[in-house]
Amino acid sequence: VQLVESGGGLVQAGASLRLSCAASGSTSSINAMGWYRQAPGKQRELVANITSGGGSTNYVDSVKGRFTISRDNAKNTMYLQMNSLKPEDTAVYYCTARIVVVTTGYEYNYWGQGTQVTVSS
């Protein structure tokens with residue numbers, strides 16, 4: 001099982017980016033998913049998460065009203081639409097997912113490799 005993020009980049013303040021996280025491999029089902037970020041010298045923090053059906057989402061206060069998390073279960077993909085980006089959003093963004101693996105039937109927590117988001121002022 002792999003999680004692969006894409007969509008990061010260098011943008012100016014006020015711009016938008018859309019991150020994607022695609023799951024592949026022997027996935028039986030994908031339960032809760034989320035986005036974390038880690039800025040230089042800071043601890044990794046939860047940005048947003050979403051339930052398996054997409055009906056419930058949560059956001060850290062600093063991104064509420066600017067970021068939107070969503071998922072397309074048919075594509076095993078999660079998204080993070082980031083609008084009105086600020087320099088303080090600069091970080092490596094990681095996706096995470098709780099995935100039931102076909103071979104064992106157990107749920108494991110997986111992480112992507114991260115994608116850099118840099119917002120210039």
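Reckoned from all heavy atoms, side chains included, excluding hydrogens, waters and symmetry mates.
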S.K.: For the side chain of Thr90 and the backbone of Val119, is there at least one donor-acceptor N/O pair under 3.5 Å apart?
M.R.: yes
S.K.: Considering only residues two or more places apart or on different chains, which pairs with a residue in residues 64-76 satisfy salt bridge (Lys or Arg N to Asp or Glu O under 4.0 Å)?
M.R.: Asp61-Lys64, Arg66-Asp89
S.K.: Does Asn31 reach the side chain of Ile99, with side-chain heavy atoms less than 4.5 Å apart?
M.R.: no
S.K.: Checking Ile50 against Met78 for the side chain to side chain contact (heavy atoms under 4.5 Å, CB included) test, could you report, in this order, the C-alpha distance in whole Å, the side-chain angles of both residues, the deciding distance, and whether it holds?
M.R.: CA-CA 9 Å; Ile50 187 168; Met78 174 180 63; 4.2 Å; yes
S.K.: Is it true that Val117 and Val63 fall in one hydrophobic cluster, defined by side-chain heavy atoms closer than 4.5 Å?
M.R.: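 Yes; Val63 is reachable from Val117 via cluster members.
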S.K.: Among pairs that include at least one residue of residues 76-88, which meet salt bridge (Lys or Arg N to Asp or Glu O under 4.0 Å), considering only residues two or more places apart or in two chains?
M.R.: none
S.K.: So which pairs with a foot in residues 101-121 pass salt bridge (Lys or Arg N to Asp or Glu O under 4.0 Å), sequence neighbours left out?
M.R.: Arg98-Glu107
S.K.: With a 3.5 Å distance limit and no angle check, can you tell me whether Asn76 reaches the backbone of Ile30 through a side-chain donor-acceptor pair?
M.R.: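 No, the answer is negative, given that no donor and acceptor are paired below the 3.5 Å cut-off.
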S.K.: What salt bridge (Lys or Arg N to Asp or Glu O under 4.0 Å) pairs are there with at least one residue in residues 39-49, not counting sequence neighbours?
M.R.: Arg37-Glu45
S.K.: If you define the side chain from C-beta out and look only at heavy atoms, does anything of Thr27 sit under 4.5 Å from Val101?
M.R.: no
S.K.: Indicate whether the side chain of Asn109 and that of Thr96 have a donor and an acceptor atom separated by less than 3.5 Å.
M.R.: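 Their side chains do contain a donor-acceptor pair, which is all the 3.5 Å distance test asks for.
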S.K.: Under a single-linkage definition using a 4.5 Å side-chain heavy-atom cutoff for Ile, Leu, Val, Met, Phe, Trp and Tyr, are Tyr94 and Tyr79 assigned to the same hydrophobic cluster?
M.R.: no
S.K.: So Leu80 and Thr68, do their side chains get closer than 4.5 Å, heavy atoms only?
M.R.: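 Sidechains of Leu80 and Thr68: no contact.
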S.K.: Could you check whether any side-chain N or O of Thr104 sits under 3.5 Å from a backbone N or O of Tyr106, counting only pairs where one atom can act as donor and the other as acceptor?
M.R.: yes
S.K.: Pairs in or reaching into residues 5-18: which pass side-chain hydrogen bond (donor to acceptor under 3.5 Å, both in side chains), with residues at least two apart or in two chains?
M.R.: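 Qualifying pairs: Glu5-Gln113, Ser16-Asn83.
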S.K.: Would you check if the side chain of Thr51 reaches a backbone N or O of Ser56 as a donor-acceptor pair within less than 3.5 Å?
M.R.: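 Yes, because the side chain of Thr51 sits within donor-acceptor range (under 3.5 Å) of the backbone of Ser56.
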S.K.: Do you know which of Tyr93, Tyr36, Trp35 makes ring-ring contact (aromatic ring centres under 6.0 Å, His included) with Trp111?
M.R.: Tyr36
S.K.: Could you list the residues that satisfy ring-ring contact (aromatic ring centres under 6.0 Å, His included) with Phe67, not counting sequence neighbours?
M.R.: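 Scan of Phe67 (ring-ring contact (aromatic ring centres under 6.0 Å, His included), adjacent residues dropped) gives none.
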